[in-house]
Number of protein chains: 2
Amino acid sequence: MGKDMKQTTRRFQQMYEKLKKFHYKLTPQRIAILKILSERFDHPRPEDIYDDLQQQLPTTSPATVYKTLTVLKKLKEVLEIQYSHESNRYDAVNPFPHPHIFCTACQKITDLDFSEYDILQKKIALQTGYHVETVCLEVAGVCPDCQKISESFPGSR
Amino acid sequence: MGKDMKQTTRRFQQMYEKLKKFHYKLTPQRIAILKILSERFDHPRPEDIYDDLQQQLPTTSPATVYKTLTVLKKLKEVLEIQYSHESNRYDAVNPFPHPHIFCTACQKITDLDFSEYDILQKKIALQTGYHVETVCLEVAGVCPDCQKISESFPGSR
DNA sequence: TTTTTATATGATAATTATTATCCATTGATA
DNA sequence: TATCAATGGATAATAATTATCATATAAAAA
Ligand SMILES: [Mn+2]
Ligand SMILES: [Mn+2]
Ligand SMILES: [Zn+2]
Ligand SMILES: [Zn+2]
């Protein structure tokens with residue numbers, strides 16, 4: 001069993017227990033969604049989750065996916081990444097606020113490992129006098145892999 | 001003439017000249033929208049701009065507001081601040097990318113004067129190897145004024 | 001185990017911001 | 001002033017999400 005597998009199982013169990021603790025019903029639909037969420041490291045959209053779900057429970061409705069995400073959001077078991085007039089993306093693997101970086105070439109969303117993110121909140125609070133609640137840092141650019149490709153095919157974009 | 005007035009006039013002229021330079025027609029609708037945009041420091045939504053516009057040109061359509069904003073966006077004369085499933089907000093007073101802070105109590109959006117924003121891009125590029133194109137930093141919290149109010153009325157929120 | 005019941009599901013409609021379409025109008029140029 | 005491509009306005013289309021509501025069901029109670 002790989003390390004990802006262990007992490008996946010643990011996240012599934014954490015979410016399962018959280019739902020139980022707060023007396024939400026553990027329906028087959030919800031259990032399937034939890035499993036999908038715990039296995040997807042790529043910040044899926046509701047429709048991505050719905051597509052996966054169709055494999056197992058073909059009668060499920062998209063509304064159920066949205067409703068389950070709403071519940072998990074309330075319980076802070078999934079992080080919602082909002083995009084204007086595109087579908088939201090969700091991260092249940094790491095549900096705590098963290099920054100992301102989006103590659104405009106290959107469209108991949110990756111957790112941004114930016115060491116200073118955690119102290120940003122304090123710095124901003126100090127400089128502005130605000131009581132800071134959320135710090136949303138979303139970066140876009142071209143990933144190293146895609147830079148290599150565009151070097152090999154100059155002028156292709 | 002106050003300082004804001006001078007700044008307002010200058011921004012109007014800058015936008016006006018930019019449109020002219022790129023051979024966009026200077027219609028009464030566009031001129032009115034430029035004036036509104038140059039005067040509003042509060043990051044208005046398209047519907048806010050439309051409401052103001054109704055005072056002067058009551059037959060204007062919301063589509064015209066959207067189309068004009070699209071043009072100004074392309075010319076980098078307005079900054080679009082995207083909100084998921086809420087209206088976008090626009091800043092033509094300072095059209096260059098900059099961070100904002102939103103007060104969750106009074107709903108005010110203010111330019112975040114965060115001195116380290118400009119170097120964020122380089123730091124992230126260095127740490128990740130990405131060619132960074134945009135850095136979106138949007139903070140939410142309670143502004144100093146609203147903190148005072150909630151001290152005077154403890155437990156009111 | 002059966003009964004009960006509050007909650008969840010699924011089908012569908014509603015909502016909302018934005019974009020697309022299309023024809024009549026008009027600003028800019030000659 | 002005549003010309004014409006660009007623009008405006010009315011309206012339809014789009015797309016993600018949320019609301020509604022009758023039916024089904026997980027879980028607690030009997
Ligand atoms: Mn993430
Ligand atoms: Mn601003
Ligand atoms: Zn890439
Ligand atoms: Zn405030």
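- Ring orientation note: the planes of B:His43 and B:His98 are tilted relative to one another, at an angle of 30° to 60°.
- Of the candidate nucleotides D:dA16, D:dG8, C:dG10, C:dG10 has the atom lying nearest to any side-chain atom of A:Thr60.
- Interatomic distance, A:Leu137 CG to B:Tyr117 OH, rounded to the nearest 0.5 Å: 9.0 Å.
- A:Glu77 and A:Arg11 are joined by a salt bridge, as a carboxylate oxygen and a charged side-chain nitrogen come within less than 4.0 angstrom of each other.
- Whole-Å rounding puts the B:Lys67 NZ to D:dT11 C1' distance at 11 Å.
- One finds no salt bridge joining B:Asp52 and B:Lys35 here, because no Lys/Arg side-chain nitrogen approaches an Asp/Glu carboxylate oxygen to under 4.0 Å.
- Between the CD atom of A:Gln82 and the C1' atom of D:dT18 there is a distance of 14 Å, given to the nearest Å.
- For the pair A:Arg30 and C:dA8, the criterion of a side-chain N or O lying under 4.0 Å from OP1 or OP2 is met.
- Computed from coordinates, the A:Arg45 CZ to D:dA15 P distance equals 12 Å when rounded to whole Å.
- The phosphate of D:dG8 has OP1 or OP2 within less than 4.0 Å of a side-chain N or O from B:Thr27.
- For A:Pro46, counting side-chain heavy atoms from C-beta on, the closest listed nucleotide (D:dA26, D:dT17, C:dA17) is D:dT17.
- Atom C1' of nucleotide D:dG8 and atom CG of B:Leu53 are separated by 12 Å, given to the nearest angstrom.
- The nearest whole Å value for the distance from the CD1 atom in B:Ile31 to the C1' atom in C:dT26 is 13 Å.
- For A:Asn88, the listed nucleotide lying nearest its side chain is D:dT17; candidates were D:dT11, C:dG10, D:dT17.
- Phosphate contact (OP1/OP2 of D:dA10, side-chain N/O of B:Ser61, threshold under 4.0 Å): absent.
- Distances from the side chain of B:Tyr66 to the nucleotides D:dG9, C:dT19, D:dA16 place C:dT19 closest.
- Between D:dT25 and A:Gln29, no contact under 4.0 Å exists linking OP1 or OP2 to a side-chain N or O.
- Residue A:Leu26 has its side chain nearest to D:dA27 when only D:dA27, C:dG10, D:dG8 are considered.
- Side-chain atoms of A:Pro28 lie closest to D:dA26 of the nucleotides D:dT17, D:dA26, C:dG10.
- At a cut-off of 3.5 angstrom, the base of D:dT7 holds no donor-acceptor pair with the side chain of B:Lys25.
- In this structure, A:Glu80 places its CD atom 14 Å from P of D:dA16, rounding to the nearest Å.
- Ring geometry, B:Phe102 versus B:Tyr83: the interplanar angle falls from 30° to 60°, so the pair is classed tilted.
- Ranked by how close their nearest DNA chain C nucleotide is to the 5' end, B:Lys73 and B:Tyr24 are led by B:Lys73.
- At whole-Å resolution of the value, CG in A:Leu19 and C1' in C:dT7 are 13 Å apart.
- Between A:His85 and C:dA17 there is no side-chain N or O to OP1 or OP2 distance below 4.0 Å.
- Note on the helix from C:dT1-D:dA30 to C:dA30-D:dT1: terminal axis deviation equals 30°, with five pairs used at each end and the result rounded to 10°.
- No side-chain heavy atom of A:Thr27 sits under 4.5 Å from any side-chain heavy atom of A:Thr64.
- Residue B:Arg30 comes nearest to B:Lys25 through the heavy atom pair NH1-O, 3.0 Å, listed as atom of the first residue, atom of the second, then distance.
- Residue-to-nucleotide proximity on DNA chain C shows that, of A:Thr68 and A:Pro62, the 5′-proximal contact is made by A:Thr68.
- Put simply, CD on A:Gln56 is 17 Å from C1' on C:dT9, counting in whole angstrom units.
- Of the candidate nucleotides C:dT29, D:dT17, D:dA10, C:dT29 has the atom nearest to the side chain of B:His23.
- The minimum heavy-atom distance between B:Glu133 and A:Val142, with the atom names listed, is OE2-CG2, 3.4 Å.
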